[in-house]
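Down below is the structure, laid out as structure tokens.
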Amino acid sequence: MASSAARLPLPALFALLGALLPGTGSAQTSVEPTEHIIPRGGSMQVTCRASCNGNAVLGLETPLTKKEVDSGPNYKIYELSDIQEDSTPLCFSNCNNIQSTASLTLTVYSLPKRVELAPLPHWQPVGENLTLRCQVEGGVPRTYLSVLLLRGEEVLSWQSGVKEPTEFTTTVLAGRGDHGANFSCRTELDLRPKNQGLFQNSSVPRQLRTFVLPMTRPHLVSPRIMEVGTQQHVNCTLDGLFPASEAQVHLVLEDRRLETTVENNKDSLLATACIKANTEDEGTQQLTCTVTLGNQSQRTLENVTIYSFPAPILTLSSPNVSEGTVVSVECKARAGAVVTLQGAPAGPPGPSAQFQLNATSDDNGRIFLCSATLEVAGTVLRKNTTQELHVLYNSNQVVIIIVVAAAVILGTMFAAAYLYNRQRKIREYKLQKAREANAMKLNTPP
């Protein structure tokens, strides 16, 4: 019997002894307080009392760290410290061989040690569901613990009396108004029914960025062909963006990124850049406009053909020749071009043409025209070159012309002098005859 009693807890042992020994009256054990809520790790005092008038055997059974701080004939006061979990300390007494007990309901409370809102998407498409996840670790008693998911101070979801697991979720439909909004998670441990306060613990807020990228592709305006050495502007536009100021635009010619200027107007953007056609870029180049917003992109491609087309070269064997000289006329253009040389005989089309002529005086000042055509990306281009021929006359022909001219002039002068003298003699003869007639009239008698 003694061996079995030694293994019993002290209150049970007192109860067993009280049952075996005759009692002399009734006894009662009380505890103060009967229930208590305390922060984890806190301390408190517990008073155990016996109702008998004489000396009582009193004690407190608990796994908690305890220390007797005061006592009397029928009471003892204990200090409990470093209370980490819920417990039910038990006061017991033996009064005149009568055993009794009283228990204390001790509840530990603590705030969650971790309240964290899971990271939000870097960008959230407008019109799609967004799932908010709140991680909560710790926090007791969970009967009084609530979890709230918030947009700013607006409560999106509320759960009370939460239990494990420690992740709480809610789903919201993302809209334009959510762009830049702060989302957070908050726990509330409401101990006001236990004459304590309302304890709150919030996560670090996370900001959401929403966006709209239309399904339409950007509108790219660019030249189809460009000549080496020239430069032209290209532009790329897209409507229906949100927020347009957050969009990124890249204009790239083949593998060369162009310096781009972007302008925003409400939900639209305009990107402009300048293309400089270099010799090394000759050929068909791919021009790309890519608009990126959020985690999505829209792209448009156009081909730009860069070409080199110098004017044809028109060559005269000599631009200044004497009459009777054979002159060679030749016109050449770049490979792929077709030339037309005015005056040349018909022949197969090609990048060159030529002919010869025997220069005459009629060819002096003659203008030769060479025309070259080149087809680039379906467009026919044309360039012209002209040359003037100067023909010098022979020295003998000049002398003959001068002599003939002089003879004509002299003949004209002699003829004029002869006519003048003849008219003068006729006038003198007629005057002489008139004088003689008058003299005869004077000498004739009446």
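This one's a predicted model, so the numbers in the text were calculated from it and none came from an experiment.
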Exercise. Gln356 side chain to Ser328 main-chain N or O, any donor-acceptor pair under 3.5 Å?
Worked result: no
Exercise. Just checking, Arg49 and Tyr75: is the charged tip under 6.0 Å from the six-membered ring centre and within 45° of the axis?
Worked result: yes
Exercise. Below 4.0 angstrom, N of the basic side chain to O of the carboxylate: do Glu61 and Lys66 qualify?
Worked result: no
For this session: Check whether any side-chain heavy atom of Leu198 sits under 4.5 Å from a side-chain heavy atom of Gln200, and report yes or no.
Result: yes
Seminar exercise, completed: side chain to side chain contact (heavy atoms under 4.5 Å, CB included) with Val291: of Leu238, Thr237, Val262, Thr300, only one passes, and it is Leu238
For this session: State whether the number of non-hydrogen atoms from other residues, nucleotides or ligands found under 6.0 Å of Glu85 atom CD is greater than 12.
Result: no
Exercise. Going through the distances and angles, do Leu60 and Leu80 end up as a side chain to side chain contact (heavy atoms under 4.5 Å, CB included)?
Worked result: CA-CA 10 Å; Leu60 177 67; Leu80 304 181; 4.0 Å; yes
Exercise. Considering residues, nucleotides and ligands other than Leu120, do more than 12 of their heavy atoms fall under 6.0 Å from its CG?
Worked result: yes
For this session: Only counting residues at least two apart or in another chain, list the ones meeting side-chain hydrogen bond (donor to acceptor under 3.5 Å, both in side chains) with Ser268.
Result: Asp239
Exercise. Does Thr385 use its side chain to pair, donor to acceptor, with the backbone of Pro312 at less than 3.5 Å?
Worked result: yes
For this session: Test Val304 against Asp281 for side chain to side chain contact (heavy atoms under 4.5 Å, CB included), laying out the working first.
Result: CA-CA 10 Å; Val304 178; Asp281 298 325; over 6 Å; no
Exercise. Of the non-hydrogen atoms in Ala353 and Val339, which two are nearest, and what is the gap between them?
Worked result: N-CG2, 3.7 Å
For this session: Looking only at non-hydrogen atoms, find the nearest pair between Cys236 and Leu251 and report the distance.
Result: CB-CD2, 4.2 Å
Exercise. Should we say atom CD of Glu388 is surrounded by more than 12 heavy atoms from elsewhere, each under 6.0 Å from it?
Worked result: yes
Exercise. So do Pro121 and Leu130 actually touch side chain to side chain, heavy atoms under 4.5 Å?
Worked result: yes
Seminar exercise, completed: The side-chain hydrogen bond (donor to acceptor under 3.5 Å, both in side chains) partners of Glu227 (sequence neighbours excluded) come to Lys383
Problem set entry | Over all atoms of both residues, closest heavy-atom pair of Pro205 and Asn182 | CB-CB, 4.2 Å
Problem set entry | Asn235 side chain to Thr272 backbone, donor-acceptor under 3.5 Å | no
For this session: Can you measure from CG (Leu314) to CG (Leu369) and round to the nearest 0.5 angstrom?
Result: 8.0 Å
Exercise. Would you say Ser51's side chain and Gln28's backbone share a donor-acceptor pair under 3.5 angstrom?
Worked result: yes
For this session: Can you establish whether the number of heavy atoms outside Arg256 located under 6.0 Å from its atom CZ is more than 12?
Result: yes
Problem set entry | Heavy-atom pair with the smallest gap, counting every atom of Val140 and Val108 | CG2-O, 3.6 Å
Problem set entry | Heavy-atom side-chain contact between Val115 and Cys134 under 4.5 Å | yes
Problem set entry | Exceeds 12 heavy-atom contacts within 6.0 angstrom, atom CD of Glu153 | no
Exercise. Within a radius of less than 6.0 Å around CZ of Arg217, do more than 12 heavy atoms belonging to other residues, nucleotides or ligands occur?
Worked result: no
Exercise. Does Arg114 reach the main-chain N or O of Val136 with its side chain, forming a donor-acceptor pair under 3.5 Å?
Worked result: no
Exercise. Can Gln135 and Glu167 be said to form a side-chain hydrogen bond (donor to acceptor under 3.5 Å, both in side chains), step by step?
Worked result: CA-CA 5 Å; Gln135 304 287 334; Glu167 182 176 87; 2.5 Å; yes
For this session: May I have the step-by-step check of side chain to side chain contact (heavy atoms under 4.5 Å, CB included) for Thr279 and Ile306, ending in yes or no?
Result: CA-CA 8 Å; Thr279 303; Ile306 297 176; over 6 Å; no
Problem set entry | Nearest heavy-atom neighbours spanning His179 and Trp123 | CE1-CZ3, 4.0 Å
Exercise. So, does Ser81 use its side chain to make a donor-acceptor pair with the main chain of Ser43 at under 3.5 Å?
Worked result: no
For this session: Report the C-alpha distance between Tyr144 and Tyr109 in whole Å, list the side-chain angles of each, state the deciding distance to 0.1 Å, and finish with yes or no for ring-ring contact (aromatic ring centres under 6.0 Å, His included).
Result: CA-CA 10 Å; Tyr144 300 97; Tyr109 74 86; 10.0 Å; no
Exercise. In this structure, are over 12 heavy atoms from other groups packed under 6.0 Å from Glu137 atom CD?
Worked result: yes
For this session: List the steps and the verdict of side chain to side chain contact (heavy atoms under 4.5 Å, CB included) for Leu389 and Val329.
Result: CA-CA 10 Å; Leu389 178 65; Val329 183; over 6 Å; no
Exercise. So do Leu145 and Pro112 actually touch side chain to side chain, heavy atoms under 4.5 Å?
Worked result: yes
Problem set entry | Heavy-atom donor-acceptor pair, Ser203 side chain to Cys185 backbone, under 3.5 Å | yes
Exercise. Rounded to the nearest 0.5 Å, how far apart are CD of Glu254 and OG1 of Thr288?
Worked result: 8.0 Å
For this session: Taking the side chain as every heavy atom from C-beta outward, state whether Thr373 and Glu375 have any atom pair closer than 4.5 Å.
Result: no
Exercise. What is the distance from atom CD of Glu246 to atom CG of Asn264, rounded to the nearest 0.5 Å?
Worked result: 9.5 Å
Exercise. Closest approach of Arg224 and Thr379, non-hydrogen atoms and distance?
Worked result: NH2-OG1, 2.8 Å
Problem set entry | Main-chain N/O of Ser308 paired to Arg334 side chain as donor or acceptor, under 3.5 Å | yes
For this session: For His390 and Pro319, indicate whether the former's side chain and the latter's backbone hold a donor-acceptor pair under 3.5 Å.
Result: no
For this session: Output yes when a side-chain donor or acceptor of Gln298 lies under 3.5 Å from a complementary backbone atom of Met215, and no otherwise.
Result: yes
Problem set entry | Residues Thr101 and Thr29: side-chain donor-acceptor under 3.5 angstrom | no
